[in-house]
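See structure below.
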Amino acid sequence: MTNDEISEVLSNISNLLQIQGDDTFRARIYDRAAEAIDVLSADLHQLAEEERLRSIPGIGQAIEGKIVEMLETGRCRFYDDLVEEMGAEVLDLLAIRGVGAKTAGRLYRELCVKSLADLRAAIDGDRLKQMKRMGAKTIATIDEGLRFLETQQAMRPLWQILQIASTVFEALKNCSDVKRVDFTGDFRRREEMLRSLDFIVECADTGAIVEVLSGLDGVASPIIQADLHIAASVDRGFPLRVHCVSAEAYEAALLATTSTDAHLVRLNQIAAAQALEAIGQPPPDWSANKTESDLYGKLGLPFIVPELRGDANSIEAALAGNLPTLIETSDLRGDLHTHTNWSDGRHSIREMVEAAKAVGHEYIAITDHSQSSRVANGLSPERLQEQIQQIREINTEIDGIEVLAGSEVDILRDGSLDFPDALLAQLDIVVASVHAGFSLSETEMTERMIRAIENPFVKIIGHPTGRLLGQRPGYAVNLDAVSDAAAAHRVALEINASPSRLDLEPSAVRKARVRNVLLSVNTDAHATAQLQHGAFGVNVARRGWLTKIDVLNTYSLAALKETIS
DNA sequence: GCCGTTTTCGGCCCGACTGTTTTCAGTCG
């Protein structure tokens, strides 16, 4: 098992113990151990071999034993027994905004709520009212949080499906009956939230596909459906579909399955105007043996990339000759939002800088948290001074990359910043973000963010809506007003590339672009490996119609410095 | 369950905010 997997098990143990009503101090120890492993730069296997697991703060004899068991057997019996007894679904309750371990525990023990569905039934059956300290407002908050999760239940964040997606892709590719395979559907359009995982294969034998899928860990109940589709599920009931087609029909089917209905309907209107049969299932004769490019060409259109096939707008733009040349991941020349172990990151400044250099970046900004973010070990003004000093030294010692001294400074409730201007003035770049006080009204939040934008030292607004994919909607804010202010003050809005954020989202990016806002695709990396997450952000940027010049960190170092000076 | 003791049990932790209370319990970042 990997560090991350072991950390997750320990964190789940902590939550299950708390829900069960165990001693909170005992339960929290598991969470602290999970956190300690989460920020650990060393490999647990290595530490175990050297018998140094106990050197990790918060890990004693008992947890050491469980870690060793997991490393050796891939299982933890103590955890398995808890799951056996309580069910794994009770952990889903903790994803609800406003429900922590205490409330989940009371719901579990007093109302026998063991899943989101149980909670829905309890709320609808008015059973929460009977609990102590459970007033109308609290119930409404829980109901609202649950409703949000219910809207997300049929979807999965892209990152959560990535691993199994690549496993299935490789297995299909290696199947001797399969001549060709591609991703299609939501995944190929690079949606950040998927409704299904779709593949298209050139293969005459659907039975062979079922056989391949049956042999894969993490894929459940593959069956052949009518019209050569194979349906299965992955990741607790998430739909997986494989479309089997002939060589002649392959690319027409790829086009049809990649496009949303809106995109395909518009394409077929154009086809109809030329007296051509509609593209669909089965593909018409005129499309046989044509590539996707040929098919668009036949309709008088340039090739439209999958990311822009979510609606018909790209077709209108193409007809008008206004299709943008979209940004590529290779256009990114630096990262302007990263963390180190000075605050809540895993690695040192030097490690982050070396890793950024390995990614191919020309510059990296170190932007640790500011003093108000106490849980994130935010830097005091004194520590920031010290860090600036150290960054300047490292910059002279390391060749081939420029290290910028920065800060991800909190935007306080009133829109003022968490550090005085005199300190911000010493930094090369300031990212300003909201980390607390999410419940302001839209007007207040908008004013708060605009006030931050108006600060002359602020160059980027970090994760502008605060959303967490599938977990938390963004806070109420008027993004049009924020965009206008950002454009006026030449402050960039961030596309936070952290796969669990992807904030701004594509439609907001597109609106910002129309308002002449500069954007910045940053990883918000808290560990060296996360410096490679830029591609997730570029997906969003592409779906938001961005070209290279719309994105601050595609600039050369000189151009960047001029822009942010 | 972990940690650190003038060493074997007693205390664990960060502060703002909210809702349900009338002094506090719980969540969140």
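Letters go in sequence order (proteins before strands), and every chain restarts at 1.
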Handout entry: Nucleic acid contacts - residues 132-150 of chain A versus DNA chain B, non-hydrogen atoms under 4.0 Å
Key = A:R133, A:G135, A:A136, A:K137, A:T138

Practice task
In whole angstrom, give me the gap between the P atoms of B:dT23 and B:dG29.
Solution key: 30 Å

Practice task
Could you tell me whether A:R26 and A:D22 have a side-chain N and a carboxylate O separated by less than 4.0 Å?
Solution key: yes

Exercise for the section: Inspect the surroundings of CD in A:E454 and state if more than 12 heavy atoms from other residues, nucleotides or ligands are less than 6.0 Å away. Expected result: yes

Practice task
Assess the pair A:H435 and A:H463: is the distance between their ring centroids shorter than 6.0 Å?
Solution key: yes

Handout entry: Atom pair distance, as rounded to whole Å: CD1 in A:I13 and C1' in B:dC2
Key = 15 Å

Completion exercise
A:I29 atom CD1 is separated from B:dG1 atom C1', nearest whole Å, by 5 Å

Practice task
Go through the side-chain N and O atoms of A:S343 and A:D368 and say whether any donor and acceptor fall under 3.5 Å apart.
Solution key: yes

Exercise for the section: Map A:S373 and A:E64 onto DNA chain B by nearest heavy atom, then report which one ends up closer to the 5' terminus. Expected result: A:E64

Handout entry: Residue pair A:T528 / A:E351, side-chain donor-acceptor N/O under 3.5 Å
Key = no

Problem - Donor-acceptor side-chain pairing of A:S416 and A:D414 below 3.5 angstrom - result: yes

Practice task
Would you indicate, yes or no, if B:dC14 has its OP1 or OP2 atom less than 4.0 angstrom from a side-chain nitrogen or oxygen of A:R374?
Solution key: no

Completion exercise
The single option from A:Q390, A:E393, A:E354 that satisfies side chain to side chain contact (heavy atoms under 4.5 Å, CB included) with A:I349 is A:Q390

Practice task
For nucleotides B:dT20 and B:dG15, find the distance between their P atoms and express it as a whole number of Å.
Solution key: 25 Å

Problem - A:V540 backbone acceptor or donor facing A:R190 side chain under 3.5 Å - result: no

Problem - Atom-to-atom span, CD of A:E35 to C1' of B:dC28 - whole angstrom - result: 13 Å

Practice task
Can you tell me the distance, in whole Å, between the NE2 atom of A:H435 and the C1' atom of B:dT27?
Solution key: 18 Å

Practice task
Check each residue of residues 96-112 of chain A for a non-hydrogen atom within less than 4.0 Å of any atom in DNA chain B, then write out the ones that pass by number, or none.
Solution key: A:I96, A:R97, A:G98, A:V99, A:G100, A:A101, A:K102, A:T103

Exercise for the section: Could you tell me which residues satisfy ring pair (Phe, Tyr, Trp, His ring centres under 6.0 Å) with A:H361, sequence neighbours excluded, listed by chain and number? Expected result: none

Practice task
Would you kindly give the CD-to-C1' distance between A:Q18 and B:dG1, to the nearest whole Å?
Solution key: 13 Å

Exercise for the section: Would you indicate what A:R413 reaches in the nucleic acid, counting non-hydrogen atoms under 4.0 angstrom: base, sugar-phosphate, or nothing? Expected result: sugar-phosphate

Exercise for the section: Find the distance A:H339:NE2 to B:dG29:P and express it as a whole number of Å. Expected result: 15 Å

Problem - Separation of B:dC2 P from A:R54 CZ (nearest whole Å) - result: 7 Å

Exercise for the section: Take the protein atom CD1 of A:I63 and the nucleotide atom P of B:dC3, then report the distance between them rounded to whole Å. Expected result: 9 Å

Problem - Ionic contact status for A:R543 with A:E191, cut-off 4.0 Å - result: yes

Practice task
Quote, to the nearest angstrom, the P distance that separates B:dG1 from B:dT6.
Solution key: 25 Å

Handout entry: C1' spacing across the pair B:dA16 / B:dG10, given as an integer number of angstrom
Key = 29 Å

Exercise for the section: Give A:A436 one of three labels, base, sugar-phosphate or nothing, depending on what nucleic acid heavy atoms sit under 4.0 Å from its own. Expected result: nothing

Practice task
Determine the interatomic distance between C1' on B:dC28 and the same-named atom on B:dC13; round to the nearest Å.
Solution key: 15 Å

